[in-house]
2 protein chains.
Amino acid sequence: MSKSSPNQTNVDAIVETIVYLYTESRRLTKGLARQFGLTGPQLTVIKLLEQFGDLSLSSLSDRIRANNSTVTGIIDRMERGELVQRERSASDRRMVLIRLTKKGRQLASQIEVEPMKLFRDALRSLPPAELDELFRILGRVQQNVLLGLTAQSGQNSGE
Amino acid sequence: MSKSSPNQTNVDAIVETIVYLYTESRRLTKGLARQFGLTGPQLTVIKLLEQFGDLSLSSLSDRIRANNSTVTGIIDRMERGELVQRERSASDRRMVLIRLTKKGRQLASQIEVEPMKLFRDALRSLPPAELDELFRILGRVQQNVLLGLTAQSGQNSGE
DNA sequence: GATAATTACTTCGTATGCGAAATATTCGCA
DNA sequence: TGCGAATATTTCGCATACGAAGTAATTATC
């Protein structure tokens, strides 16, 4: 157990905070969506469709970072609730375009809540300098992840 | 409605990055757990039990930030798989203590993977100064969130 | 221009994940 | 003591969420 370096403590706390922010934000969005008879993902979908117009199922999956099979289910239920409708693309008949119904569009325009609102609000209340700093550092973290972290054999200050 | 300010761009990017890191980390953990016949949450549970010893169901829920009803299901399946066992607490017979079985303990000792490993590795590769900075700023973000939450529960949000 | 490979989506089985209601136990308090 | 409030867990119904396998349509390859 040589996990007790100060760095490790920071890492633990940061991960803890991120998990907290993510799960809490989602929980809040879900609660707000519920006031309109929607679920969290459903709210996200109608806001995306409102913003970008008709989208294919897979581009929708990409944007909400979920599998096609997951989104198929979400759209099924939304179609049943008459929030959206499916339409085969004429140019490529494999594709299904998802379109807001009148009811869906009206609901979307009625709700101002953005996904992860809790988190966004907290970020906006930071001083601009810190926001920049956070943006810079997190970009770096993501870069490290993308680089495959196979370079981890060289790093390590703790163990 | 100041959606096009430079700050907004930062906020969007930060949220995007956090969501990416969170979901990707979880996906990776899940994949690693699968190599041992476990799911992501199951891996988290046996590692927690290994570290802290027997835990009540609700303290387990707190630690993994899930509802009791969710954890009940997870423990059900783990019990079926003989990874853990339930035992009523003698001091308070409402409580159920979750305990690793021999099989569960052996599996836990065999797996070195920590939850959110991808994320942790990326953090550890940051310069210590940036790690500190990140820790500080995120703490502030969380503080803001907590303030927002209590402010919200104190009043009926205008709708 | 037929066939293999690819792409877009759906279906199925299983595992979270949540909230509301039910049950069992303990605590608070008159 | 007794009884209502609080606490710990389970059960239920529903909505994600994923991966594997299946189907339909398009593209690539010869």
Side-chain angles (χ1 to χ4, degrees), chain A residues 19 22-46 54-81 83-98 115, chain B residues 19 22-35 37-45 54-81 83-98 115:
Chain A
V19 171
Y22 181 87
T23 56
E24 236 20 69
S25 282
R26 250 170 132 224
R27 205 163 305 199
L28 187 80
T29 299
K30 186 177 178 178
L32 289 167
R34 233 177 57 140
Q35 297 177 2
F36 296 88
L38 298 176
T39 64
Q42 287 175 4
L43 171 54
T44 305
V45 167
I46 68 172
D54 302 356
L55 290 174
S56 74
L57 190 132
S58 42
S59 63
L60 214 42
S61 311
D62 286 345
R63 281 184 210 271
I64 67 180
R65 273 179 211 296
N67 267 17
N68 282 345
S69 55
T70 299
V71 179
T72 292
I74 293 171
I75 298 301
D76 281 351
R77 288 178 289 274
M78 291 181 75
E79 206 173 17
R80 214 175 302 146
L83 297 167
V84 299
Q85 63 189 71
R86 282 178 164 91
E87 189 175 320
R88 283 277 162 198
S89 161
S91 60
D92 184 341
R93 297 193 45 70
R94 289 170 302 180
M95 285 206 305
V96 170
L97 295 176
I98 316 297
Chain B
V19 171
Y22 180 87
T23 57
E24 249 2 83
S25 283
R26 253 174 130 221
R27 205 165 308 206
L28 187 80
T29 300
K30 186 177 180 180
L32 289 166
R34 233 176 57 137
Q35 297 176 4
L38 299 176
T39 64
Q42 287 175 4
L43 171 54
T44 305
V45 167
D54 301 357
L55 289 174
S56 73
L57 190 131
S58 43
S59 64
L60 214 42
S61 312
D62 287 346
R63 280 184 210 272
I64 68 179
R65 273 179 211 296
N67 268 16
N68 283 345
S69 55
T70 299
V71 178
T72 292
I74 294 172
I75 298 301
D76 280 351
R77 289 178 289 273
M78 291 180 76
E79 207 173 17
R80 213 177 302 147
L83 297 166
V84 298
Q85 62 189 70
R86 281 178 165 92
E87 190 175 319
R88 282 276 162 199
S89 161
S91 61
D92 184 341
R93 297 192 46 70
R94 289 170 302 180
M95 286 207 304
V96 170
L97 294 177
I98 316 297

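In the text below, chain A, chain B and the rest are named by the order of the sequence lines, each starting its count at 1.
Close to C:dT10, at under 4.0 Å from its OP1 or OP2, lies a side-chain N or O of A:Arg86. Contact annotation: B:Ser58 side-chain N/O to D:dT9 OP1/OP2 distance is under 4.0 Å.
Residues A:Ile75 and A:Val96 are not in side-chain contact: their nearest non-hydrogen atoms beyond the backbone lie 4.5 Å or more apart. The shortest side-chain heavy-atom distance between B:Leu28 and B:Glu24 does not fall under the 4.5 Å cut-off.
Nearest heavy atom pair, residue B:Leu55 against residue B:Leu60, reads CD1-CD1, 3.6 Å. The two residues B:Ser61 and B:Val71 come nearest to each other via the heavy atoms OG-CG2, 3.5 Å. The two residues A:Met78 and A:Ile46 come nearest to each other via the heavy atoms CE-CG2, 3.4 Å.
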> Tell me, for nucleotides 18-29 of chain D in 5' to 3' order, what letter each nucleotide earns: B for a base near a protein heavy atom under 4.0 Å, S for only sugar-phosphate near one, - for neither?
Replying inline: BBS----BS---
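Counted within 6.0 Å of CZ on A:Arg93, heavy atoms from surrounding residues, nucleotides or ligands total 12 or fewer; the atom is thus considered open. Counting heavy atoms of neighbouring residues, nucleotides and ligands inside a 6.0 Å radius, atom CZ of A:Arg86 exceeds 12 of them.
Remark: C1' of C:dC18 and CG of A:Leu38 are 16 Å apart, rounded to the nearest angstrom. Rounded to whole angstrom, the span from the CG atom of B:Asn68 across to the P atom of C:dA20 amounts to 14 Å. The nearest whole Å value for the distance from the CG atom in A:Leu28 to the P atom in C:dG17 is 19 Å. Distance, A:Gln42 CD to C:dC18 C1': 14 Å, rounded to whole Å. Per the geometry, CG belonging to A:Leu97 stands 12 Å off P belonging to C:dA8, to the nearest Å. With rounding to whole Å, A:Leu43 atom CG is found 16 Å from D:dA15 atom P. When the P atom of C:dC9 is taken as reference, atom CD of A:Glu79 falls 13 Å away, rounded to whole Å. Separating the CZ atom of A:Arg77 from the C1' atom of D:dT16 is a distance of 6 Å, rounded to the nearest angstrom.
Between the A:Arg34 side chain and the A:Thr39 main chain, no donor and acceptor come within less than 3.5 Å of each other.
Within 4.0 Å of A:Thr72, counting heavy atoms only, lies at least one base atom of the nucleic acid.
Each of B:Val96 and A:Gly73 has a nearest nucleotide on DNA chain D; the 5'-most of these lies closest to B:Val96.
Note: B:Met95 CE to B:Asp54 CG = 11.0 Å, rounded to the nearest 0.5 Å.
Within the helix from C:dG1-D:dC30 to C:dA30-D:dT1, the inter-axis angle between the opening and closing five-pair segments is 20°, rounded to 10°.
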